[in-house]
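Residue numbers count from 1 along this sequence.
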Amino acid sequence: MEDTSLDIREKIIEATIEEFNDKGTKLTMDGVAKRLSMSKKTLYTIFKDKEELIIETVEYCFTDVKKGEQKILEDPTLDLVEKLKSIII
């Protein structure tokens, strides 16, 4: 099965998170590309620049947090106090 462009974007974002965990703010487009065994030129066809990649990565992380919070809120096995504790932690 072929990767869709959304799958590729998500893989790049996940590699960016890994690169950030290793290099912090010194992450580079070259480092992300190498992590994916992809050329930097290909990376730039998907994200116009490092700023766009960082912004989408931050949005991806916040979306993931919100999904986790929603899952906790919808869990019928937790009472209100447990839900609040789980969300805060």
Side-chain angles (χ1 to χ4, degrees):
M1 183 164 129
E2 273 186 51
D3 288 333
T4 65
S5 64
L6 186 59
D7 291 336
I8 293 168
R9 290 179 81 82
E10 190 169 318
K11 286 179 182 178
I12 293 169
I13 288 170
E14 289 172 359
T16 302
I17 293 167
E18 292 172 8
E19 191 71 7
F20 180 79
N21 287 337
D22 289 347
K23 305 269 173 68
T25 57
K26 294 183 181 187
L27 78 93
T28 62
M29 294 293 270
D30 192 49
V32 173
K34 285 180 183 176
R35 190 173 289 271
L36 293 162
S37 301
M38 168 188 291
S39 74
K40 193 163 59 169
K41 184 178 179 179
T42 301
L43 185 57
Y44 277 109
T45 64
I46 299 167
F47 291 95
K48 72 177 181 175
D49 56 24
K50 183 177 172 182
E51 181 178 354
E52 179 184 27
L53 175 58
I54 297 298
I55 289 169
E56 281 204 36
T57 301
V58 169
E59 288 173 358
Y60 176 88
C61 291
F62 277 114
T63 298
D64 197 42
V65 167
K66 288 294 181 192
K67 285 179 186 176
E69 288 175 352
Q70 192 62 38
K71 187 176 178 181
I72 291 167
L73 289 172
E74 293 172 355
D75 187 340
T77 65
L78 300 175
D79 65 26
L80 180 59
V81 173
E82 292 170 320
K83 287 179 182 185
L84 288 172
K85 283 181 181 178
S86 294
I87 289 174
I88 291 170
I89 294 170

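- Rounded to the nearest 0.5 angstrom, Thr16 OG1 and Asn21 CG are separated by 11.0 Å.
- Shown here are the salt bridge (Lys or Arg N to Asp or Glu O under 4.0 Å) partners of Asp30, two or more places apart in sequence or in another chain: Lys34.
- Checked against salt bridge (Lys or Arg N to Asp or Glu O under 4.0 Å), Lys50 has no partners two or more places apart in sequence or in another chain.
- Rounding to the nearest 0.5 Å places NZ of Lys85 at 9.5 Å from CD1 of Ile88.
- With values rounded to the nearest 0.5 angstrom, Met38 atom CE is found 10.0 Å from Met29 atom CE.
- Shown here are the side chain to side chain donor-acceptor pair (under 3.5 Å) partners of Lys40, two or more places apart in sequence or in another chain: there are none.
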Give the table of side-chain donor-acceptor pairs shorter than 3.5 Å for residues 52-60, with sequence neighbours excluded, one pair per line with atom names and distance.
from: Glu52; atom 1: OE1; to: Lys48; atom 2: N; distance (Å): 2.5
from: Glu56; atom 1: OE1; to: Arg9; atom 2: NH2; distance (Å): 3.2
from: Glu56; atom 1: OE2; to: Arg9; atom 2: NH2; distance (Å): 2.4
from: Thr57; atom 1: OG1; to: Leu53; atom 2: O; distance (Å): 2.7
from: Tyr60; atom 1: OH; to: Glu14; atom 2: OE2; distance (Å): 2.8

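- The side-chain hydrogen bond (donor to acceptor under 3.5 Å, both in side chains) pairs that include a residue from residues 70-82 are Gln70-Glu74, Asp75-Thr77, where partners are two or more places apart or lie in different chains.
- Hydrophobic clustering of Ile, Leu, Val, Met, Phe, Trp and Tyr side chains at less than 4.5 Å, counting indirect connections, keeps Val65 apart from Phe20.
- The one candidate from Ile17, Thr42, Leu36 that meets the side chain to side chain contact (heavy atoms under 4.5 Å, CB included) condition with Ile12 is Leu36.
- Contact check for Phe47 versus Ile13: side-chain heavy atoms found under the 4.5 Å cut-off.
- Think of Leu78 as one node in a network of Ile, Leu, Val, Met, Phe, Trp and Tyr side chains linked at under 4.5 Å; its network also takes in Ile72, Leu73, Ile87.
- Residues Arg35 and Asp22 are in side-chain contact: their nearest non-hydrogen atoms beyond the backbone lie under 4.5 Å apart.
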